[in-house]
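Have a look at the structure below before the remarks.
The basis for the numbers below is simple: all heavy atoms, side chains too, and nothing from hydrogens, waters or symmetry mates. What you see is a predicted model; the values in this text were computed from it and never measured.
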Amino acid sequence: MGSECKVHQLHAAGDSDGGGPGAVAPFVAKTFHMVSDPSTNAVVRWGDAGNTFLVLDPAAFSDFLLPSYFKHRNFASFVRQLNTYGFRKVDPDRWEFAHESFLRGQAQLLPRIVRKKKKASGRELCEEGEEVRGTIEAVQRLRDEQRGMEEELQAMDQRLRTAESRPGQMMAFLSKLADDPGVVLRAMLAKKEELSAAGNDGPDPCKRRRIGADVGRGAVAAGGDAAELAQSRGAVPFPFSALGQVFY
């Protein structure tokens with residue numbers, strides 16, 4: 001807590017006199033305060049040794065912390081500013097930065113962190129550009145992974161809803177079957193007649209009338225037979241098709 005108060009004092013001195021000896025650059029002071037705030041440890045925090053700081057969640061860092069301190073959301077711009085003040089990335093696999101005068105609880109060292117004044121060489125500019133591009137790609141990859149997870153969750157929810165609706169459809173069909181036990185047999189006879197008609201290019205009209213009459217006479221008996229068969233066996237043959245739906 002004392003170190004944060006000292007940061008505010010040094011920051012105020014730097015703002016009042018335009019940045020003389022002992023003044024802390026506003027960017028450095030804000031970064032120190034942001035890293036030292038324990039309420040943001042899930043996003044940015046000090047390293048275990050206290051001589052580095054880590055950005056654990058670049059997406060949340062860009063969306064929430066940067067606008068609060070720097071009035072922009074550009075993580076690549078923040079990394080570029082760190083470079084201009086002499087910070088270096090110490091771990092290739094995570095966003096961990098260090099400066100010899102940026103230490104936990106050592107706010108009195110912050111005035112030593114100053115902006116580089118010499119012009120960067122072509123090689124340094126190239127390396128900085130590569131680092132910025134890598135930063136942008138890493139942030140974009142995190143956002144793509146987040147969108148992919150959201151789409152996968154939506155697909156899982158849709159599959160769950162579909163699975164929940166199937167028992168209702170089955171119960172509706174079974175209710176229909178209980179009200180009219182002959183529906184299965186009539187559907188089977190109708191399908192058989194359809195297949196027979198499709199297999200003959202020129203079906204005999206008289207034969208078709210006989211089949212229709214037989215189906216009409218057999219439907220009544222089929223209803224009773226199907227009901228009796230369902231009661232005696234306690235089961236309905238599957239799969240079958242009725243009312244335009246297929247049940248398994």
Side-chain angles (χ1 to χ4, degrees), residues 1 3-16 18-19 23-117 120 124-150:
M1 189 70 179
S3 63
E4 292 184 9
C5 293
K6 193 167 185 179
V7 170
H8 289 305
Q9 294 172 359
L10 292 172
H11 189 189
D15 290 342
S16 62
V24 182
F27 172 81
V28 176
K30 291 178 181 180
T31 302
F32 188 88
H33 183 271
M34 179 171 53
V35 174
S36 300
D37 186 357
S39 65
T40 62
N41 282 352
V43 179
V44 59
R45 64 173 176 82
W46 288 103
D48 295 336
N51 58 353
T52 64
F53 76 92
L54 299 89
V55 179
L56 304 174
D57 189 343
F61 185 84
S62 301
D63 292 337
F64 300 107
L65 285 184
L66 284 182
S68 300
Y69 286 89
F70 301 104
K71 295 184 173 59
H72 69 81
R73 301 173 183 268
N74 194 331
F75 185 65
S77 176
F78 175 77
V79 174
R80 188 163 54 248
Q81 281 284 85
L82 289 176
N83 291 335
T84 62
Y85 280 94
F87 286 80
R88 67 186 188 282
K89 193 170 184 287
V90 298
D91 192 320
D93 298 325
R94 58 182 182 175
W95 301 107
E96 184 173 6
F97 305 92
H99 189 286
E100 59 184 6
S101 297
F102 195 83
L103 306 175
R104 180 170 51 196
Q106 301 293 322
Q108 71 276 8
L109 300 179
L110 296 181
R112 300 180 184 179
I113 304 176
V114 296
R115 184 189 295 270
K116 295 178 182 178
K117 298 187 177 186
E124 290 176 341
L125 289 174
C126 182
E127 291 177 352
E128 182 178 346
E130 291 293 334
E131 185 171 358
V132 170
R133 280 193 293 271
T135 302
I136 295 174
E137 291 174 358
V139 173
Q140 184 61 42
R141 183 167 58 252
L142 288 172
R143 294 186 184 277
D144 292 341
E145 290 176 357
Q146 183 179 1
R147 282 195 295 268
M149 292 178 63
E150 292 175 353

Distance col, row E100:CD vs N51:CG, nearest 0.5 angstrom, shows 11.5 Å

Considering non-hydrogen atoms only, spot the tightest contact between A98 and V90 and give its length.
CB-CG1, 3.6 Å

Is the distance from the ring center of F32 to that of F53 below 6.0 Å?
no

Indicate yes or no: at least one non-hydrogen side-chain atom of Y85 is less than 4.5 angstrom from one of T31.
no

Pair R141 + D144, salt bridge at N-O below 4.0 Å:
no

Nearest 0.5 angstrom please: H99 NE2 to L109 CG, how far?
10.5 Å

With ring centroids as reference points, do W95 and F61 lie under 6.0 angstrom apart?
no

Check whether any side-chain heavy atom of F64 lies under 4.5 Å from a side-chain heavy atom of T40, and answer yes or no.
no

Taking the side chain as every heavy atom from C-beta outward, state whether N74 and F78 have any pair of such atoms under 4.5 Å apart.
no

For a ring pair (Phe, Tyr, Trp, His ring centres under 6.0 Å) with F102, tell me which candidate from F27, F87, F97 qualifies.
F87

Tightest non-hydrogen contact, residues K89 and R94, listed as NZ-O, 3.1 Å

Please round to the nearest 0.5 Å and tell me the distance separating atom CG of D63 and atom OG of S68.
11.0 Å

From CE (M34) to CZ (R45), nearest 0.5 Å:
14.5 Å

Determine yes or no for a side-chain-to-main-chain donor-acceptor pair under 3.5 angstrom, with K30 supplying the side chain and A25 the backbone.
no

Heavy-atom pair with the smallest gap, counting every atom of P67 and S62:
CD-O, 3.3 Å

Mind listing the closest non-hydrogen atom pair of L110 and S101 along with its distance?
CD2-O, 4.0 Å

Closest non-hydrogen atom pair, R104 against A49:
NH2-C, 3.9 Å

CG/D57 to CG/L142 distance, rounded to the nearest 0.5 angstrom?
7.5 Å

d(K116 NZ, N83 CG) to nearest 0.5 Å is 6.5 Å

